[in-house]
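Single-structure report; data block below.
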Amino acid sequence: ADEEQHEEEEEECDFVPLPTWTKGRKSHHRSRRGSGVTASHSDSVDGGQGSKNGPSLTRNLAWADLDDLDETELMTPIDRMVRRFIMQPYTPKRLAWDVCGFIFVCLDILLIPMSVFEPERTAFDVTCEWSGRFFWSFDIIAQFLTGLLTDEGQVDKSFTAISRAYFKTWFALDLTLVLMDWADFSITSASTSAGSDIEFARGVQIMRVLRMFRLARLLRLTKNAPSVSRSIFFKVHSEVLTIILSILRIMVIVVVITHILACIWYGAAVNSGAEVTWLIEEGLDQESLAYRYTASFHWALTQFIGSSDIVPHTHLERTIAVAVLLMGFVITSSAVGSITTAMTRLQFIAAHSMEQMTLMNRYLAEHGISSRLAARVHRSVLHALSEQKRNTPESQVELMSLISEPLRIELHYEINGPVLQYHPFFRCYNKTNPAAVRQVCHQAMSFLTLARSDTVFCEGEVPSCPKMFFVLSGRLLYIREGADASSLIQGQWAAEPVLWTKWVHQGVLKAVTDCSLLCLDREQ
């Protein structure tokens, strides 16, 4: 059986791996044939090419799933049955569901306080109410089907554990609010069909009270917002965009608070029962809904700076004005401070980049560098800066020094392991001795960025620091005298022999486009 499998390997590739390399790896070789990337003996001498194994590589490299085999044996039958439907937390699908919930909560914040203005019921209101009822009803099911993130960073997919945690936290509140949503519909339908004005008015009052309870979802939104915002910011790799999103978040919070205060201010005028209110004194009681709301919103917004052309006329209005002024002082200080800090950070980022580019231009001019070489230097620097924005160097992350050594090993293994295992030897070595591969990923791996036309090594060069190169992005060209030029792309490697012997490079490896490489240091 080993000889037949060995012959199958020889048909697919010109190089002959050891039998232990190919043991139990038929699925990988099939995927390599499908990718259409091969390696030849002449290439493997110095610019050796290898293929990444396509979609199957991701599945086979999902080492976190290997632990699930033992966990399923300990699960209850219902856990094993429901496990396939459990969603990972903070995935794009789950994040999209949470964003939908955030939108429905924002609609409640907008529409429920607006009920004091007694707007006409429109098709949009009906659509939002029915969509919200069905969404929050299905959200209870979604909570039961979302995995738990443990303190160790693992995802617990046990339906029993998920249910127990949900029952202890938000289940009672969620179920109560969903029942109130459907009770709101029942009361509205009953009061409408009754035909009596008294019954209808009573039903409207009960409906308003029930809708006010829906704002209790703000509690869960406030609790989950930091996790959701971290998930969103985790996917945003631009620091400038992150700062802009933070500023927009502060502005949205201020607008929401102002909207609620405007509705409270208007409600104090129409429900106080006094003969003289700010609404009557200003002559706004007969104005349109839009104008009355705009006037209330304007009053609430001006309270953050302590002045307004609309003044209170009743004791209730005066009390609300004093309370809003005190709250506005705190909100204004906090918002202005946060926005100032964010704007200062934006200016610092722009000024730092401009200062560095100015220093580099001065250096090139003082040393009389030719315009052709200066253009290459500029292109290389711009590429390096763009790579830093997309892939933050570990040396710039100060908090990495606070992480324990074993956790850093796991971190480097998850970052570098999949790339290292493009090569069949390291893939087999990982199955045989994963602890050693973890140490290799932790100590011997480094990143290298190349600009177009940069040379990695030349023919006849003896490397002072022997390294094997894995291509992460871009395209390189390996040129050897007397042989056709070979192109290297993502998932391939070069200069493998430096790991096993003292080596003199037999060709030239040059970047055709801007490239990123992962280097394996032999000395480390």
side-chain contact (heavy atoms from CB on, under 4.5 Å) against Thr501, all qualifying residues, sequence neighbours excluded: Trp503
Set of side-chain contact (heavy atoms from CB on, under 4.5 Å) partners for Ser163, sequence neighbours left out: Phe144, Phe159, Phe167
Residue pair Phe102, Trp97: steps toward the ring pair (Phe, Tyr, Trp, His ring centres under 6.0 Å) verdict: CA-CA 9 Å; Phe102 174 77; Trp97 184 266; over 10 Å; no
Asp454: salt bridge (Lys or Arg N to Asp or Glu O under 4.0 Å) partners, not counting sequence neighbours: Arg376
Gap separating the [atom1] atom of [X] from the [atom2] atom of [Y], nearest 0.5 angstrom:
X: Cys441; Y: Glu414; atom1: SG; atom2: CD; answer: 11.0 Å
X: Gln443; Y: His412; atom1: CD; atom2: NE2; answer: 10.5 Å
X: Gln492; Y: Ser486; atom1: CD; atom2: OG; answer: 9.0 Å
X: Leu472; Y: Thr449; atom1: CG; atom2: OG1; answer: 11.0 Å
X: Leu518; Y: Phe447; atom1: CG; atom2: CZ; answer: 5.0 Å
X: Leu411; Y: Arg438; atom1: CG; atom2: CZ; answer: 12.0 Å

Partner set under side-chain hydrogen bond (donor to acceptor under 3.5 Å, both in side chains) for Ser137, not counting sequence neighbours: Trp182
Of all the heavy-atom pairs spanning [X] and [Y], show the shortest one and how long it is.
X: Gln421; Y: Phe426; answer: CG-O, 4.0 Å
X: Val377; Y: Met360; answer: CG1-SD, 3.9 Å
X: Gln143; Y: Ile162; answer: O-CG2, 3.6 Å
X: Phe457; Y: Ala495; answer: CE2-CB, 4.1 Å
X: Ser453; Y: Lys510; answer: O-CE, 3.4 Å
X: Ile247; Y: Ala342; answer: CG1-CB, 3.6 Å

Would you mind reporting whether [Y] and [X] have side-chain heavy atoms less than 4.5 Å apart?
X: Lys467; Y: Leu520; value: no
X: Arg249; Y: Ile253; value: yes
X: Leu477; Y: Leu509; value: no
X: Leu476; Y: Leu517; value: yes
X: Phe470; Y: Leu420; value: yes
X: Ile140; Y: Val178; value: yes
X: Val471; Y: Ile489; value: no
X: Lys157; Y: Gln88; value: yes

Whether the side chain of [X] engages the backbone of [Y] through a donor-acceptor N/O pair (distance < 3.5 Å, no angle test) should be reported.
X: Arg522; Y: Leu499; answer: no
X: His423; Y: Phe425; answer: yes
X: Ser516; Y: Ser473; answer: no

Worked verdict on Tyr413 versus Asn430 for side chain to side chain donor-acceptor pair (under 3.5 Å): CA-CA 11 Å; Tyr413 178 60; Asn430 182 65; 2.7 Å; yes
Salt bridge (Lys or Arg N to Asp or Glu O under 4.0 Å) pairs, two or more places apart, involving residues 346-370: none
Contacts of Tyr363 that satisfy ring-ring contact (aromatic ring centres under 6.0 Å, His included) - sequence neighbours left out: His367
Partner of His442 by side chain to side chain donor-acceptor pair (under 3.5 Å), out of Arg408, Glu410, Glu405: Glu405
